[in-house]
Amino acid sequence: MMLSTARWWWSTNERRRMLRIRTIEAPAYVGQRVHLGGWMHSWRDMGQFGFLVLRDGAGTFQAVLDNQEEMAKLRGLQYESVLDVEGLIAAEPRAAVGAEMHDCHIEVLSPVLEPLPFEVNKKELKPGLDTFLDYAPLGLRHLQKRALFRISAELMAGYREYLMQQGFVEIQTPKIVGAATEGGANVFVLDYFGRPAYLAQSPQFYKQMMVGVFERVFEVGPVFRAEKHNTARHTNEYVSLDLEMGFINDHTDVMNMLTGVLRHMFGRVTDKCAREVALLKLRIPSIGDTIPAIRMPAAQQIIFERYKEDCRGEPDLSPQHEVWLSQYAEKELGSEFLFVTHYPTGKRPFYAMADDEEPALTKSFDLLFRGCEVVTGGQRIHRYDQLVQNADKWGIKPEQIDGYLQAFKYGMPPHGGFGMGLERLLMQLTGHTNLREVTLFPRDLDRLAP
RNA sequence: GGGGACGUGGUGCAGCGGCCCAGCAUACAUCCCUGUCAAGGAUGAGACCGCGGGUUCGAAUCCCGUCGUCCCCGCCA
């Protein structure tokens, strides 16, 4: 249950100290005079009296005003004005939560005088994405919108909670880096006291180095991709839930850890976000002991047989392929999740461990969730000479990745890990179709503010 | 980087050659209402139909350009 946030509050109305409580705690204070502080969510003037719904960081609560003097204080105020309302919490069966505030005294803490650009107190948020993002500080106050980010917070909390139980240590790796050698995505270049530096596109190298220190590490942090992609499932900055773990047998150990942490994260959302889940009408997926896994070539064979498109031998899956495979997994395997394993060597970074029996394939995996890729991971090469050799094959000179190689030179255990896109996960969980809708302040091709 | 749509009061939409000096919902203003909870009712204000050219007797509507937005693909989380 949520901790009480009740605090003593100096009332300028009453010239005395009174308890300020949060709206969701209010029903527990029936019979007491308290303060509620919050935003004017709605105001329904019925003539002789009116209903004021106050919204705070936790929820909403209704106050009934039947005093013309108090009602007059709301004249000229727009919604979202910040009010302190002092009054008596009374049991009232006609109120939505069985209680409401009576005998209210209002103090206007911060008046809003200009009409809002759009309504934030309606059931659904109306404006288009661009308009919404222009007014994100306001729009994010919408109950559905903020429910989304409360769930996001619990996903992160669940991620941390589970991994710490599993002996992982949380780390923060640098986001300003001196070399951009991982390949794949483009990196942002910045001026570092006259030298070029880059925004980290992944904590990959650093979390691997830290396996040499703690064996098991994880990080929750931003990553930056300078790709000029313009799609509904890409942004240029996102939150990556990373982990890396030592002493594994192969990539399936990492997949099992991922399965466990996801199950825990969803469990935590179910426990802690019941109101948000109900508000958004979410269906939280259940995860059994294991998530089904299918090898890349077999996946392509299924696409060929069931959907009549021949992508066999292609190095990667297209978004359409991922949708099809998810459909297949749901129908035939009863799972909204599906691991696709053994991506070809050429499609994966130089540190990816090749499969023993089929060296053209890697011990790697992607996790598909309701049709979209949300995680990529695998086993890494841990032998120094092999890593140097492979880097060379990818055209990377050892001196470029000096610090990284050092970890391996001085002994690294077999290890692996993954990176999970927080917003991607949230998007799929909440049924949104544009990543920007589930990113607090998205950064994309042409949006840098707010 | 390639392809496809769409720009109409604050917001979200309708209208797609003359019935439109532009309609609806909501927001906003004034008023009515003693149980609202997407409150209801009355009245009112608010848009030179993204911008610039052109076609036409006549353009929100057709054409060209331009800017902006959205979507799909490449790439990826």
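The shortest distance between the side-chain N/O atoms of A:T231 and the OP1/OP2 oxygens of B:C72 is not below 4.0 Å. Side-chain nitrogen and oxygen atoms of A:N434 include at least one within less than 4.0 Å of the OP1 or OP2 phosphate oxygen of B:C71. Between B:G12 and A:K122, no contact under 4.0 Å exists linking OP1 or OP2 to a side-chain N or O.
With hydrogens and angles ignored, no donor-acceptor pair under 3.5 angstrom links the side chain of A:H229 to the base of B:C76. Taking only distance into account, the side chain of A:E227 never meets the base of B:G1 through a donor-acceptor pair shorter than 3.5 Å.
Panel note: side chain A:R436, backbone A:F441; no donor-acceptor pair is recorded below 3.5 Å. Under the 3.5 Å distance criterion, the side-chain polar atoms of A:Q428 are matched with a main-chain donor or acceptor of A:R370.
Between B:C37 and B:C20, the distance separating the two P atoms is 36 Å to the nearest Å. Between B:C67 and B:G23, the distance separating the two C1' atoms is 28 Å to the nearest Å. Comparing B:C19 with B:C62, their P atoms sit 16 Å apart, to the nearest whole Å. Distance check on atom P: B:U11 versus B:C49 gives 16 Å, rounded to whole Å. Using C1' as the reference atom, B:A47 and B:C24 are 14 Å apart when rounded to the nearest Å. The P atoms of B:G46 and B:C6 are separated by 31 Å, rounded to the nearest whole Å.
A centroid separation of 6.0 Å or more is found between the aromatic rings of A:F188 and A:F224.
Using a 4.0 Å heavy-atom cutoff across all strands shown, A:L422 reaches no nucleic acid atom at all. Among the atoms of the strands shown, none is found under 4.0 Å from any heavy atom of A:G50. Residue contacts for A:Q320: at a heavy-atom cut-off of 4.0 Å it reaches no nucleic acid atom on any strand shown. Contacts of A:E100 with the nucleic acid, taken as non-hydrogen atoms under 4.0 Å apart, include base atoms. Nucleic acid contact class of A:M46 (heavy atoms, under 4.0 Å, all strands): base. Within the 4.0 angstrom heavy-atom criterion, base atoms lie near A:N230. At a threshold of 4.0 angstrom between heavy atoms, the contacts of A:T131 are confined to the sugar-phosphate backbone, with no base atom among them. Nucleic acid contact class of A:V375 (heavy atoms, under 4.0 Å, all strands): sugar-phosphate only.
The side chain of A:F51 lies closest to B:G35, out of B:U69, B:C76, B:G35. Nearest to the side chain of A:R75, among B:U30, B:C76, B:G1, sits B:U30.
Mapping A:T235 and A:D45 onto RNA chain B by nearest heavy atom places A:D45 at the nucleotide closer to the 5' end. Residues A:S42 and A:H102 each lie close to RNA chain B; by heavy-atom proximity, the contact nearer the 5' end of the strand is made by A:H102.
Annotation: the span from A:E373 atom CD to A:D316 atom CG amounts to 7.0 Å, rounded to 0.5 Å.
A salt bridge does not link A:R22 to A:E25: none of the charged side-chain nitrogens sits closer than 4.0 Å to a carboxylate oxygen.
Using the six-membered ring where Trp is involved, A:H251 and A:H342 have ring planes that are perpendicular, over 60° apart on the 30 and 60° scheme.
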